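Numbers for residues simply follow the sequence, beginning at 1. All of these numbers come straight from a predicted model, not from anything done at the bench. One-based numbering, in listed order, for ligands and for the atoms of each.
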Amino acid sequence: METEKKIIGRCPLCGGNVVKTCKGYRCEHNIGEQPTCVLNINGIIGNRKMNDDEIAGLLANRSILLDGFVTKEGKSFPTVLELADDGAVNMQSVIGKCPHCGGDIRVGSRAFNCSNYANQAAPCSFAIWRNIGGHQLTLAEAKEICGKQITSAELEMYREDGSIYRKRLGLSPDKLQIVKI
Ligand SMILES: [Zn+2]
Ligand SMILES: [Zn+2]
């Protein structure tokens with residue numbers, strides 16, 4: 001008789017099922033005497049408990065932007081988790097290059113910020129708010145603004161009276177401001 005297992009998603013390394021275990025999430029081919037896969041994701045990453053939907057997103061997209069990680073000093077921070085080819089889950093706070101100055105764009109609690117904001121020789125104020133018009137920007141959308149200078153899709157946003165409008169987000173000519181197009 002088959003034992004019942006909770007399948008969370010597909011293993012990006014070998015294509016097998018990833019199942020929920022007592023300690024986290026493990027590829028079905030990384031179970032038993034002769035495992036053929038190495039995927040094993042801890043249920044707690046960066047002092048933060050992971051939920052099933054977040055792991056499913058990480059498996060499907062190989063990366064996921066999440067808030068609520070906690071440093072040893074107790075400070076909360078957001079980061080992008082990336083699933084590497086060797087099955088390791090790495091934190092990556094850099095999501096792209098600044099379209100204005102070429103510096104690194106890092107994810108912060110409220111915005112994606114240029115790492116040159118405090119560079120005394122060449123300060124850069126470029127930032128993308130993570131919430132624009134009530135729309136919570138996804139990692140993919142922020143990467144599109146940095147890389148292609150515009151989102152590929154129109155995003156649903158909201159006015160103060162609750163009415164909905166849809167615009168793409170792009171860059172001003174000086175590539176410093178985010179504009180609705
Ligand atoms: Zn696998
Ligand atoms: Zn910059």
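- Rounding to the nearest 10°, we obtain 110° for the angle at the Zn ion (ligand 2) between Cys114 SG and Cys124 SG.
- You'll find the side chain of Cys146 reaches within 4.5 Å of the side chain of Ile95, heavy atoms only.
- Between the SG atom of Cys11 and the SG atom of Cys37, the angle taken at the Zn ion (ligand 1) works out to 110° after rounding to 10°.
- Taking 2.8 Å as the criterion, Cys14 counts as a coordinating residue of the Zn ion (ligand 1), since one of its N, O or S atoms falls below it.
- Judged by distance alone, the side chain of Gln92 and the main-chain N or O of Val94 form a donor-acceptor pair under 3.5 Å.
- A salt bridge does not link Asp67 to Arg110: none of the charged side-chain nitrogens sits closer than 4.0 Å to a carboxylate oxygen.
- No salt bridge links Lys167 with Glu156; every basic N to acidic carboxylate O contact stays at or beyond 4.0 Å.
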